[in-house]
Chemist: 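Can you keep this structure in mind? I'll have questions shortly.
Nothing here was measured: the structure is a model prediction, and the numbers come from that model.
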Amino acid sequence: MPETTSTHLAWRVRGRGTGLAVAAAALALALAAPVQATAVTAEAPTAPAASADPVSVLKFTAQERKDALAYWTPARMKAVGKSVDLGPTGPKAKPWRGTTLKTVGRLFFVNASGADTWCTATAVKSANRSAVMTAAHCVRRGSSPVNTNFSMVFAPAYSKGRTPYGTFAVRSAATPRSWETDSTNDMSTLTVDADKRGKKLTDVVGGQPLAFNRPVGGTVSSFGYPATRPQLGEELLRCVGTAKKEHGTQVIPCDMNGGSSGGPWLADFNATTGKGVLVSVNSSLDSLTPTKMYGEVLGATAKKVYERAQRG
């Protein structure tokens, strides 16, 4: 049965805008602000030593992964979407009506406060055929090493309660150490288990190629599952715009809201094949009434995160 929810806002330290993760029950939307008022008070971050591993990896046991798959029933997936309403869908975000994007799906999890929630994520090409790209704040709170999410499953091509390619339990989640310590580099690469038939993720749905250190610019298609009406996370939406540099990141015109976190930025996107080149992921917005979407420029740190995950 759907839980009775009482939604309120939480603040995320992120100088430029609004975070995009959605949660039912305890948290509705992580927001950027000069102050932090989360349920757990984080200790002041300390700078990592020069020799520290630049990649932090969160791992889940076999039992935890089994429990996550059992927890995220179709009914629970539907319930979490119905529990959050962030207002009407904006004019820039359009429902995707093209070929099914098998690689893009909803990432369901329970956040550090114990609330059901979701982000958006993408299957990508990898050596282990099991890598998924999303935002770091979909894995753990920034500047707070102890506040990590759990019960994570990826449902590629999720649409209106259907999971046509099944669900994949997250085995491990790699994030930049800099996100864990000071909320920078908001990207993550997950490694997922094979499905219940023993098939690996990209053998089932394919994988988008990635580009690191790619110059910012050109037309980008951004995808996500925001919690706005009438879709409420049940349909994939798309923004299209020209990427530009801003505040040390890249930005496109887009008004997708909470729930679209981690969704892919695909350059050179072919609407017929559903293929492009992943150059970033949805990270944050410029305001509560958004007009801009920000994403990290995937550089050396992001590449190290991805390389660690694709070997996992």
Chemist: Below 4.0 angstrom, N of the basic side chain to O of the carboxylate: do K304 and E307 qualify?
Modeler: no
Chemist: Give, for atom CH2 of W96 and atom CZ of R238, the distance between the pair rounded to the nearest 0.5 Å.
Modeler: 4.5 Å
Chemist: Quick check: do P226 and L86 have side-chain heavy atoms less than 4.5 Å from each other?
Modeler: no
Chemist: Name the residue from K102, R129, R197 that meets the salt bridge (charged side-chain N to carboxylate O under 4.0 Å, His left out) definition with D203.
Modeler: R129
Chemist: Does D85 reach the main-chain N or O of L232 with its side chain, forming a donor-acceptor pair under 3.5 Å?
Modeler: no
Chemist: What distance do T175 atom OG1 and M187 atom CE have between them, rounded to the nearest 0.5 Å?
Modeler: 9.0 Å
Chemist: Whether the side chain of K94 engages the backbone of P91 through a donor-acceptor N/O pair (distance < 3.5 Å, no angle test) should be reported.
Modeler: yes
Chemist: Any chance you could measure F269, atom CZ, to L278, atom CG, to the nearest 0.5 Å?
Modeler: 12.0 Å
Chemist: Under 3.5 Å, is there a donor-acceptor pair linking the side chains of Q208 and T103?
Modeler: yes
Chemist: Are I252 and V216 connected in a single hydrophobic cluster, I mean Ile/Leu/Val/Met/Phe/Trp/Tyr linked by side-chain heavy atoms less than 4.5 Å apart?
Modeler: no
Chemist: For the side chain to side chain donor-acceptor pair (under 3.5 Å) test, which of D186, T181, D182 pairs with T184?
Modeler: D182
Chemist: Going by disulfide bond (SG atoms under 2.5 Å apart), name the pairs with one or both residues in residues 166-264, residues two or more places apart or in two chains.
Modeler: C239-C254
Chemist: Okay, side chain of R177, backbone of D53: is any donor-acceptor separation there less than 3.5 Å?
Modeler: yes
Chemist: Could you state the interatomic distance from CE (M152) to CG (L190), rounded to the nearest 0.5 Å?
Modeler: 5.5 Å
Chemist: With no hydrogens and no angle check, is any side-chain donor or acceptor of N128 less than 3.5 Å from a backbone partner on A309?
Modeler: yes
Chemist: In the structure I gave you, are the side-chain heavy atoms of S222 and N282 within less than 4.5 Å of one another anywhere?
Modeler: yes
Chemist: Taking the side chain as every heavy atom from C-beta outward, state whether S56 and R140 have any atom pair closer than 4.5 Å.
Modeler: yes
Chemist: Filter on salt bridge (charged side-chain N to carboxylate O under 4.0 Å, His left out), then keep only pairs touching residues 206-216, sequence neighbours left out; what's left?
Modeler: R214-D268
Chemist: Quick one: are S280 and M293 in side-chain contact, heavy atoms under 4.5 Å?
Modeler: no
Chemist: Is there any side chain to side chain donor-acceptor pair (under 3.5 Å) pair reaching into residues 150-167, and which pairs are they, with sequence neighbours excluded?
Modeler: Y158-E234
Chemist: Is there a side-chain contact between L266 and F223 (heavy atoms, below 4.5 Å)?
Modeler: yes
Chemist: Indicate yes or no: at least one non-hydrogen side-chain atom of N257 is less than 4.5 angstrom from one of L285.
Modeler: yes
Chemist: Are side-chain heavy atoms of Q231 and P95 found at a separation under 4.5 Å?
Modeler: yes
Chemist: Could you label the plane-to-plane angle of the F108 and W72 rings as parallel, tilted or perpendicular, counting under 30° as parallel and over 60° as perpendicular?
Modeler: tilted
Chemist: In terms of hydrophobic clustering (I, L, V, M, F, W, Y; side-chain heavy atoms under 4.5 Å; direct or indirect links), are F212 and V132 co-clustered?
Modeler: yes
Chemist: N185 and S178: side-chain donor and acceptor closer than 3.5 Å?
Modeler: yes
Chemist: Can you classify the ring geometry of F168 versus F154 as parallel (below 30°), tilted (30 to 60°) or perpendicular (above 60°)?
Modeler: tilted
Chemist: Would V139 and F150 show up in the same hydrophobic cluster when neighbours are defined by side-chain heavy atoms closer than 4.5 Å?
Modeler: yes
Chemist: Do the side chains of V297 and Y294 join up, straight or via other hydrophobic residues, at under 4.5 Å, putting them in one cluster?
Modeler: no
Chemist: Is it the case that the side chain of D255 and the backbone of T89 share a donor-acceptor pair, with hydrogens and angles ignored and the cut-off at 3.5 Å?
Modeler: no
Chemist: Give the cluster check for Y71 versus V80: same hydrophobic cluster or not, with ILVMFWY residues linked at side-chain heavy-atom distances below 4.5 Å.
Modeler: yes
Chemist: Taking E235 first and then R97, would you say they form a salt bridge - that is, a charged N and a carboxylate O separated by under 4.0 Å?
Modeler: yes
Chemist: Answer whether the closest heavy-atom distance between the side chains of T120 and V104 falls below 4.5 Å.
Modeler: yes
Chemist: Report yes or no: does Q250 contribute a side-chain atom to a donor-acceptor pair with the main-chain N or O of E296 at less than 3.5 Å?
Modeler: yes
Chemist: Start with the C-alpha distance between S143 and S183, add both sets of side-chain angles, then the distance that settles side chain to side chain donor-acceptor pair (under 3.5 Å), and finish with yes or no.
Modeler: CA-CA 5 Å; S143 307; S183 301; 2.6 Å; yes
Chemist: At what distance, to the nearest 0.5 angstrom, does OH of Y306 lie from NZ of K125?
Modeler: 9.5 Å
Chemist: Judged by atom type as modelled, is there a donor-acceptor pair below 3.5 Å linking the side chain of D286 to the main-chain atoms of K292?
Modeler: yes
Chemist: Supply the atom-to-atom distance R106 CZ to Y225 OH, rounded to the nearest 0.5 angstrom.
Modeler: 8.0 Å
